[in-house]
Trainee: 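Structure incoming, see below.
First listed ligand is number 1; within each ligand, the first listed atom is number 1. We're numbering straight along the sequence, starting at 1.
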Amino acid sequence: MNIALIVAAGTGSRMRSVGTPKQFLIVCDKPLFIHTVEKFESNHNIDYIVIITSKDYIEKVTLWCKDYKLTKVKRVVLGGDTRQASVYNGLLSLESLVVDDDDIILIHDAARPMVSCEIIDDNIEACRKYGAVSTVIKSSDTMIRSSGKEQIEKIENRDELFHNQTPQTFKYSIIKKAHDYAKNQLDFGATDDSQLVVKSGGKVYLVQGSKLNFKVTNNDDLKLFESILESKKY
Ligand code: CTP
Ligand code: MG
């Protein structure tokens, strides 16, 4: 069983989109998160989808999923104050859907609408082999370190640096164990699930992502996503 967990409970504070979280802004006639969920709905390897969102949006998300005929969406679950808490709630809600410890859970940001079918397939295939994988891209710019943010301290070796994206994909038992462990630790901050597995002692393997699989974080990203969709119309 391959289950996609789509996290959509954030407020999008870096976007300044006046009240509406970025994942619910309308882009080319549909809410942004629908573009994302459709990528998983249309992938033949995905069995179920679970969406995690905030209290104010549970009903709306459920209705949108009906309107857009997203039949793989089995539940819409309440998120938490942090991304980690949102993922954890999603994992807890899976207990009756998961049939096996080796079932594969793909965790994906609702705000990354351009994930490809190939990236999803590659995540599933690599996860079967390794148990825990993360989607990454090489850095094309030279990366520099500057702790004081005024001058260059160090030029990093670009060959060893990657940008971490989602999906991040795990066998159920591995990701559940890492989240259970993190929940019982103080100061176990991790901004994503691959960090959490690494910090709790596990190994995470790399899957090739794409520049197009960017996260809509600010208004420039939103304009970029809109213009890519517009360009596909012709
Ligand atoms: N997310 C979530 N629950 C949270 C925080 C984030 O489900 N408490 C989700 C977001 O909805 C998003 C994904 O995690 O799809 C990636 O997070 P990010 O891009 O940081 O989104 P926000 O936290 O909403 O944005 P910001 O950090 O600018 O406030
Ligand atoms: Mg955030």
Side-chain angles (χ1 to χ4, degrees), residues 3-27 30-41 46 49-62 64-65 68 70 73-94 105-116 119-120 123 134-137 163-170 175-176 178-179 182-183 187-197 209-226:
I3 303 172
L5 275 189
I6 311 290
V7 277
T11 56
S13 55
R14 283 171 287 180
M15 188 89 183
R16 300 195 178 87
S17 53
V18 217
T20 306
K22 58 191 180 182
Q23 62 275 24
F24 302 121
L25 293 173
I26 305 296
V27 185
K30 41 181 134 160
L32 194 151
F33 87 100
I34 294 286
H35 292 277
T36 312
V37 177
E38 282 179 342
K39 304 295 189 315
F40 290 87
E41 176 78 23
I46 298 292
I49 300 169
V50 170
I51 302 176
I52 298 117
T53 193
S54 58
K55 190 160 79 23
D56 292 347
Y57 280 91
I58 288 208
E59 246 170 72
K60 284 180 206 151
V61 165
T62 309
W64 273 318
C65 289
Y68 287 96
L70 300 170
V73 176
K74 289 296 164 225
R75 44 195 75 137
V76 181
V77 188
L78 186 63
D81 288 342
T82 61
R83 187 185 182 282
Q84 189 177 318
S86 293
V87 172
Y88 193 59
N89 284 358
L91 288 172
L92 293 180
S93 83
L94 289 183
I105 315 300
L106 299 94
I107 302 171
H108 187 68
D109 296 327
R112 253 179 230 280
M114 295 211 26
V115 59
S116 66
I119 291 176
I120 295 172
N123 264 259
S134 187
T135 307
V136 302
I137 54 169
H163 295 272
N164 219 4
Q165 301 185 328
T166 68
Q168 297 179 1
T169 304
F170 311 90
I175 192 63
K176 178 71 171 39
H179 271 267
K183 196 153 199 307
D187 287 335
F188 200 93
T191 52
D192 65 33
D193 302 281
S194 62
Q195 278 177 51
L196 208 131
V197 171
S210 150
K211 255 192 175 170
L212 285 175
N213 183 30
F214 61 89
K215 179 158 66 74
V216 175
T217 301
N218 54 39
N219 284 300
D220 285 346
D221 301 323
L222 184 66
K223 275 188 216 141
L224 181 62
F225 177 45
E226 277 168 343

Trainee: Less than 4.5 Å apart, any side-chain heavy atom of F40 and any of V115?
Mentor: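 Answer yes - side chains close enough.
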
Trainee: Taking the side chain as C-beta and beyond, is there a heavy-atom pair between K176 and L92 under 4.5 Å?
Mentor: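 In contact.
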
Trainee: Given R83, R14, Q23, which one has a non-hydrogen atom that is nearest to atom 20 (O) of ligand 1?
Mentor: R14

Trainee: For side-chain contact (heavy atoms from CB on, under 4.5 Å), just list the numbers for D193 and H179, CA-CA rounded to whole Å, side-chain angles, deciding distance to a tenth of an Å, and then say yes or no.
Mentor: CA-CA 8 Å; D193 302 281; H179 271 267; 2.8 Å; yes

Trainee: Do N213 and T135 get their side chains close enough for a donor-acceptor pair, meaning under 3.5 Å?
Mentor: no

Trainee: When rounded to the nearest 0.5 angstrom, what is the spacing between CG in L196 and OG1 in T191?
Mentor: 9.5 Å

Trainee: Side-chain donor-acceptor pair under 3.5 Å between D56 and S54, yes or no?
Mentor: no

Trainee: Heavy-atom distance to atom 8 (N) of ligand 1: which of A110, G80, P113, G10 wins?
Mentor: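 Result: the heavy atom closest to atom 8 (N) of ligand 1 is in G80.
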
Trainee: Between G90, G12, A9, A8, flag the one that comes closest to atom 25 (O) of ligand 1 by a heavy atom.
Mentor: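 Heavy atom nearest to atom 25 (O) of ligand 1 belongs to G12.
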
Trainee: Pick whichever of I51, D192, V7, D81 has a heavy atom sitting closest to atom 12 (C) of ligand 1.
Mentor: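 Comparing heavy atoms across I51, D192, V7, D81, the nearest one to atom 12 (C) of ligand 1 lies in V7.
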
Trainee: Of all the atoms in ligand 1, which lie at a distance below 4.0 Å from a heavy atom belonging to A111?
Mentor: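 What qualifies from ligand 1 is 15 (O).
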
Trainee: Say you draw a straight line from CH2 of W64 to CG of L70; how long is it, rounded to the nearest 0.5 Å?
Mentor: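 So the gap between those two atoms works out to 12.5 Å.
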
Trainee: Which atoms of ligand 1 have any heavy atom of T82 under 4.0 Å away?
Mentor: 3 (N), 4 (C), 8 (N)

Trainee: I need the nearest protein heavy-atom contact for atom 29 (O) of ligand 1: residue, atom name and distance, please.
Mentor: S13 OG, 2.5 Å

Trainee: Around atom 16 (C) of ligand 1, find the nearest protein heavy atom and jot down its residue, atom name and distance.
Mentor: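 Answer for atom 16 (C) of ligand 1: D109 OD1, 3.4 Å.
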
Trainee: Can you establish whether the number of heavy atoms outside K30 located under 6.0 Å from its atom NZ is more than 12?
Mentor: yes

Trainee: For ligand 1, which atoms have a heavy atom of S86 less than 4.0 angstrom away?
Mentor: 2 (C), 3 (N), 4 (C), 7 (O), 8 (N)

Trainee: Nearest non-hydrogen atom to atom 21 (O) of ligand 1 belongs to which of K22, Q84, K215?
Mentor: K22

Trainee: Run the contact test for T217 against ligand 1 with a 4.0 Å cut-off on heavy atoms, strictly below, and give the result.
Mentor: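 No heavy atom of T217 comes that close to ligand 1.
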
